[in-house]
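In this chain, numbering begins with 1 at the start of the sequence shown.
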Amino acid sequence: MPLALVALAITAFAIGTTEFAAMGLLPQIADSLDVSIPHAGWLISMYAIGVVIGAPLLTVGAARLPRKTVLVGLAALFTAGNLLCAIAPNFGFLAAARLIAGLPHGAFFGAGAVAAAELVAPHLRARAVSVMFSGLTVANILGVPVATLLGQHLGWRAAMLVVVVIGLLGALAIARLVPQLPTHPGGGVRSELAAFGNRQLWYALATVVFGCAGLFACYSYITPVLTEVAGFADSSVTVILALFGVGMTIGNAIGGYAADRALRPSLCASFLAMSGALALFAVTSHARWSAALTVVLIGMAGFATVPTVQTLVIQKARSAPTLASATVQGAFNLANAQGAFYGGLALSFGFGWTSPTLVGAGLAFIGFLIAAGAWAVDRRAVDRKAPVAVADRAVAGEPMAGESVADESAVAAR
């Protein structure tokens with residue numbers, strides 16, 4: 001794998017750290033700026049709003065620019081946003097800075113996933129995407145715990161400054177290691193938007209919005225499950241969440257490898273596995289050892305979906321994939337909001353601390369059904385085209401070896 005993928009992973013590490021570390025730093029931020037913790041929670045929402053807004057706007061705005069220029073610019077904007085966070089004099093300024101820091105998130109992962117796929121041979125694309133996203137998963141193992149500890153001892157501004165340094169290193173690494181990757185000759189706003197005429201893209205986005213909501217339904221309330229049900233001390237939760245990050249890292253690598261071999265089956269299997277792991281957690285969470293083990297399994301199954309979905313979107317929007325790939329990040333954030341809402345709804349009805357995991361299992365199974373249905377639709381579309389393609393070659397007097405039909409069928413199966 002080329003070193004350019006490491007450059008992309010460094011920035012992904014910084015993005016993952018700043019996105020999730022804020023959750024652990026809310027008490028320090030609230031005390032420092034004299035606001036309540038629920039009020040400080042708006043900082044998480046502001047970042048998510050920035051992701052949803054920035055993904056389409058920045059991607060469309062940079063559609064005709066070389067991809068390397070776009071990646072460096074997005075990494076620089078992210079770094080500047082976090083610098084503003086570190087020097088924020090009041091809560092309103094900090095909230096605006098969090099929104100700015102979130103703007104390049106989706107656009108970076110969209111452009112980065114496409115760039116990663118272009119840096120390697122076609123049969124290695126999903127693995128290349130998984131290498132870039134490994135920065136996001138490793139952030140949950142190292143970046144978030146370290147930033148949280150740093151914030152607790154030296155203040156939350158110190159943690160933000162560390163993210164600034166990492167973001168700057170990522171931008172410099174991209175400028176140095178990523179080769180020039182110009183946009184597609186037919187690129188542009190119209191071409192990027194036209195890619196959404198493919199209904200398979202909408203199936204993929206629906207799979208993320210509903211299926212990945214299952215992961216977030218559980219993750220949003222995992223701390224009380226670990227403390228109130230499994231019996232872990234508050235001080236042990238950080239270690240268990242780091243295990244979740246280990247599972248994410250392993251699942252990301254497995255998902256990338258499996259997707260290169262059989263894309264569609266891997267996507268369906270990952271959502272089915274996620275549903276099973278979440279349902280299992282409702283039972284295993286009553287003992288510490290089994291709860292910790294299942295947390296790893298949930299992380300594995302949950303993040304195995306990422307390289308598979310991203311690769312599927314790139315494949316289905318191959319003429320202009322950047323906006324479609326960036327939109328996946330918006331879909332993940334909608335999944336986050338939806339999962340947290342439905343999990344909280346189950347708790348508000350008094351179904352108990354493990355109820356969000358069962359809600360998550362149901363949502364993940366819906367994701368599996370959508371993925372399986374989209375695969376079946378794709379296969380039927382190819383089967384209908386195959387006889388026409390054969391007839392056209394026969395009329396034209398071309399060889400009847402059937403390579404094209406076989407290749408198309410293979411793509412649908414993948």
Problem set entry | Heavy-atom pair with the smallest gap, counting every atom of Ala304 and Ser270 | CB-CB, 4.0 Å

Exercise. Any side-chain heavy atom of Tyr221 sitting closer than 4.5 Å to one from Ser355?
Worked result: no

Exercise. When rounded to the nearest 0.5 angstrom, what distance separates CE in Met46 from CD1 in Ile100?
Worked result: 9.5 Å

Exercise. Ignoring hydrogens and geometry, is there a side-chain-to-backbone donor-acceptor pair from Thr59 to Pro56 under 3.5 Å?
Worked result: no

Which side-chain N or O atoms in residues 161-173 pair as donor and acceptor under 3.5 Å with protein atoms at least two apart or in another chain?
none

Exercise. Looking only at atom types and distance, does a side-chain atom of Arg157 sit under 3.5 Å from a main-chain N or O of Ala88, one as donor and one as acceptor?
Worked result: yes

Problem set entry | For the student: nearest non-hydrogen atoms of Ser275 and Ala361, plus distance | OG-O, 2.8 Å

For this session: For the pair Glu228 (side chain) and Trp353 (backbone), establish whether a donor and an acceptor sit closer than 3.5 Å, ignoring hydrogens and angles.
Result: no

Problem set entry | Nearest-0.5 Å distance, CD1 of residue Ile10 to CG of residue Leu5 | 11.5 Å

For this session: In sequence, state the C-alpha distance, the side-chain angles, and the governing distance for Phe244 and Tyr219, and then conclude on ring-ring contact (aromatic ring centres under 6.0 Å, His included).
Result: CA-CA 9 Å; Phe244 181 80; Tyr219 189 73; 4.8 Å; yes

Exercise. Within the distance-only criterion (no hydrogens, no angle test), does the side chain of Ser285 pair as donor or acceptor with the backbone N or O of Phe281 below 3.5 angstrom?
Worked result: yes

Exercise. Taking only residues two or more places apart in sequence or in another chain, which ones pass side chain to side chain contact (heavy atoms under 4.5 Å, CB included) with Ala76?
Worked result: none

For this session: Indicate yes or no: at least one non-hydrogen side-chain atom of Arg261 is less than 4.5 angstrom from one of His123.
Result: no

Exercise. Is it true that a side-chain atom of Gln180 and a backbone atom of Lys68 form a donor plus acceptor pair closer than 3.5 Å?
Worked result: no

For this session: Side-chain contact test, heavy atoms from C-beta onward, threshold under 4.5 Å: evaluate it for Ile298 versus Cys218 and give yes or no.
Result: yes

For this session: Kindly compute the distance separating CD1 (Ile366) from CZ (Phe210), expressed to the nearest 0.5 Å.
Result: 7.0 Å

Exercise. Do Ser266 and Tyr257 come close enough that some side-chain heavy atom pair is under 4.5 Å?
Worked result: no

Seminar exercise, completed: Interatomic distance, CD1@Ile174 vs OG1@Thr11, rounded to 0.5 Å, equals 3.5 Å

Seminar exercise, completed: On a heavy-atom basis, the closest approach of Arg67 and Ala111 is CD-O, 3.6 Å

Problem set entry | Contact summary for Leu136 and Gly16, nearest pair of heavy atoms | CD1-CA, 3.3 Å

For this session: Applying side-chain contact (heavy atoms from CB on, under 4.5 Å), run through Thr284 and Leu293 and close with a yes or a no.
Result: CA-CA 9 Å; Thr284 60; Leu293 179 61; over 6 Å; no

For this session: May I ask you to test the Ile370-Phe365 pair for a side-chain heavy-atom distance under 4.5 Å?
Result: no

Problem set entry | Under 3.5 Å: donor-acceptor pair, side chain of Thr308, backbone of Leu267 | no

For this session: Measure the CD1-OG1 distance between Ile240 and Thr227 for me, rounded to the nearest 0.5 Å.
Result: 11.5 Å

Exercise. Counting N and O atoms only, with roles assigned by atom type, does the side chain of Asp260 sit under 3.5 Å from a partner on the main chain of Ala126, one being a donor and the other an acceptor?
Worked result: yes

For this session: Might you point out which heavy atoms bring Thr305 and Gly302 nearest each other, and give the distance in Å?
Result: OG1-O, 2.7 Å

Exercise. Quick one: does Phe91's side chain get under 4.5 Å of Leu43's, heavy atoms only?
Worked result: yes

Exercise. What do you reckon, are the aromatic ring centroids of Phe109 and Phe133 less than 6.0 Å apart?
Worked result: yes

For this session: Determine, step by step, whether Phe303 and Ile250 satisfy the side-chain contact (heavy atoms from CB on, under 4.5 Å) criterion, reporting the C-alpha distance in whole Å, the side-chain angles of both residues, the deciding distance to 0.1 Å, and the verdict.
Result: CA-CA 8 Å; Phe303 230 76; Ile250 296 172; over 6 Å; no

For this session: Can you measure from CG (Leu103) to CZ (Arg98) and round to the nearest 0.5 angstrom?
Result: 12.0 Å

Exercise. Is there side-chain contact between Thr18 and Tyr47, with at least one heavy-atom pair below 4.5 Å?
Worked result: yes

Problem set entry | Donor-acceptor contact present, side-chain Thr207 to main-chain Tyr203, <3.5 Å | yes

For this session: Using the side-chain contact (heavy atoms from CB on, under 4.5 Å) rule, take Phe332 and Thr327 through it: C-alpha gap first, then chi angles, then the decisive distance, then the call.
Result: CA-CA 9 Å; Phe332 274 116; Thr327 306; over 6 Å; no

Exercise. So which heavy atom on Ala9 is nearest to which on Ser134, and how close?
Worked result: CB-OG, 4.3 Å

For this session: With sequence neighbours excluded, tell me which residues meet side chain to side chain contact (heavy atoms under 4.5 Å, CB included) with Thr249.
Result: Thr137, Val138, Ile141

Exercise. Taking side chain as C-beta onward, heavy atoms only, is Leu226 less than 4.5 Å from Arg288?
Worked result: no

Problem set entry | Val131 and Leu8: CA distance, side-chain angles, deciding distance, side-chain contact (heavy atoms from CB on, under 4.5 Å) verdict | CA-CA 9 Å; Val131 170; Leu8 297 173; over 6 Å; no

